[in-house]
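Take a look at the structure set out below.
We use all heavy atoms of the structure for the numbers below, so side chains are in, but hydrogens, waters and symmetry mates are not. Proteins come first, then strands; the chains are lettered A, B, ... in the order of their sequence lines, and each starts at number 1.
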Amino acid sequence: MNRSVKGNFITRDHPYVFLGGSLIALLGLSLLAGEPHSLSFLTDNLPGTLCRIIFWGFLALSALALVIKLTNGRNYRSTFLCTPRMRLISRWFSYFVVLACLLALLDRGLLQLVYTVQTCMQLEKNPQDFGSSMIYMSVKSKDILLAGVWTTVRIALLGTTIAFVLSIFMVFLRIQEPDKRDNDFVKALKWLASHFSRFYIFVIRGTPMMVQALIFYYFGFNLFKRTNMSVTEINHIWSFFISGLCTVSLNSTAYLTEVLRGGIQAIDRGQTEAARSLGMSNWQSMIKVVFPQAVKNSIPAIGNEFIINIKDSSVLSVIGVMDLMYATKSVSGIYFRSLEIYCVAAILYLILTWLSSKLLQYLGKKLDTPVKGIPSSN
Amino acid sequence: MDECVLKIEQLEKSFGDLHVLKGIDLEIHKGEVVCIIGASGSGKSTLLRCINLLEEADDGHIWFDGQDLMDLNVNLNALRQKIGMVFQSFNLFNNKNVIDNCTLAPMTVKKVPKAKAEEVAVRNLKTVGLSDFIYADSTRLSGGQKQRVAIARALCMEPEIMLFDEPTSALDPEIVGEVLDVMKALAAEGMTMVVVTHEMAFAKEVSDRVVFMDQGVILEQGSPKEIFGNPKNERTREFLSRYLEDKQE
């Protein structure tokens, strides 16, 4: 085959023009076979007919090519279909097929969606059709859902930030190791600090966040109850949101502590040795040399923790935090439809995590620390 | 050269079952350049690391500045300020540029004002021939440049003694020279230096005394002329002859 590799995609010669073009033509025809809606511009009018002619014409040409190929076998290349002029014509023909198919996609895809949304907004009753119902419910209850999204984002953002601050404190406790030169009191203190941190991480990582959320909520509630406050007052101070935020913060603290500890351990021992050899104390070398490097290396993992919190904060709906999950449950209760609205929730969560991971990738690039993909849950 | 800066007595160190230092006695005098040579695993580096307590020795005494470093109540950070150390793997602070590497310790430990610390740092960087790299990122330097920054960094603390732990072993042969030149200049200025090295030519040329270590003991020590010219110990002779053979190949 005398295919030239030069030139761009449009001007270059391609193999499988008939096969690929036919598939696209079939797709276009199947799109156009669907019922037109009021916004359609490809109906039985001139453009619509033209598109159909292009599709059918290309299919006919391809069928002809197939017949010639089958009858001629190896001599196919010497038939008129393989002359340079014919190749050029069939290639350009296929581009028109693609163009027509794109138009069909716009018409029966995008405009169809716009049309469905428009009609759904005017509907009085939840439609039976799956897609329409999804759109109907999300449009009708967009305020509830958006409030849920906003709460989820706030909890994840605030929770991760608070957890980061706490984990810095916690990791300093975690890495304390009694030294031969410390006096007994300091030795005991260091042992206590390190073991407290270990125990905290052991408990938090070993229990589900849903259980933690319930325990924190009722613990706080009972605590306030001792002050003889009324239930309304307690709910005002120790609100679902606050207790949920505490849960996420304290939960993430355990994970971020381990992240930072890993970051600190990954720093070459030589960095500390050099600092100590210059007369800097253990604390000084940690603060000035090791910790800044450890935090920088941990930035991707800290970002991951944020994305995990977007997803995992959904369990907070059990204590009544009005996050996206809670909002979805409410909507499902209003309309008595579950599958459709949970799919909407999934899409919204996906958008949130996708956007955050893109944002983190961008920030990571700026800080020279690469981040990839959406992390798995804790 | 009579004033004894550092005196090591009966130093013992084990890593688990491995007995690395078996009763080391060594005196370092003011202004003296002592090279410690010996096969890998003979305890040279461990000895050096024990001197400023990066490794804690099990037993013995290290007298420095009138105090025993092995005493558990001694202010270690204060004494370490006076003992400069240069590592095989440079260990520059990766999160700091060249000048901040040099000023960090004087500013945090000695509380030297920033301007003064930078002035000293620039002077020391000039001594090691790096005045063009003052604001360079420390991770982007070549090995030889990194090691010279490490030397300047140690000098900024104005130490009484400098320890060099195989300072040229991680460098390729072509740039070993630039680091050795800096060390020679330092020796010429009268700095007290303890150098663990495999650079026999350097030991021969620069040192006042050569110490040969083998299997955790000091087998022989003396002037470079004695050690290289007429080693008394059989093991020393064997080590040096093998080294010379390698050189000739």
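The candidate from B:Ala154, B:Ala105, B:Gly84 with the greatest count of non-hydrogen atom pairs under 4.5 Å with chain A is B:Ala105. Of all the listed residues (B:Asn95, B:Thr108, B:Leu72), the one sharing the greatest number of non-hydrogen pairs under 4.5 Å with chain A is B:Asn95. Options B:Leu163, B:Val109, B:Asn91 differ in how many heavy-atom pairs under 4.5 Å they form with chain A, and the most are formed by B:Asn91. Chain A forms the most heavy-atom pairs under 4.5 Å with one residue out of B:Asn94, B:Leu53, B:Leu76, and that residue is B:Asn94. Of the listed residues (B:Lys110, B:Arg153, B:Met85), the one with the most heavy-atom contacts under 4.5 Å to chain A is B:Arg153.
With rounding to the nearest 0.5 angstrom, the NE2 atom of B:His29 is 9.0 Å from the NZ atom of B:Lys7. To the nearest 0.5 Å, atom CD of residue B:Glu55 and atom CD of residue A:Glu273 are 7.0 Å apart.
Between the side chains of A:Thr207 and A:Gln212, at least one donor N or O lies within less than 3.5 Å of an accepting N or O. A donor-acceptor pair shorter than 3.5 Å can be found between the side chains of A:Ser252 and A:Glu305.
Screening A:Asn304, A:Thr253, A:Asn309 for a side-chain hydrogen bond (donor to acceptor under 3.5 Å, both in side chains) involving A:Thr160 leaves a single residue, A:Asn309.
By the 30° and 60° cut-offs, the orientation of the rings of B:His61 relative to B:Trp63 is parallel.
In this structure, no portion of B:Asn101 lies under 4.5 Å from any heavy atom of chain A. Using a 4.5 Å cut-off between heavy atoms, B:Val74 touches chain A through backbone and side chain atoms alike. Proximity to chain B (any heavy atom under 4.5 Å) is shown, for A:Gln271, by both the backbone and the side chain.
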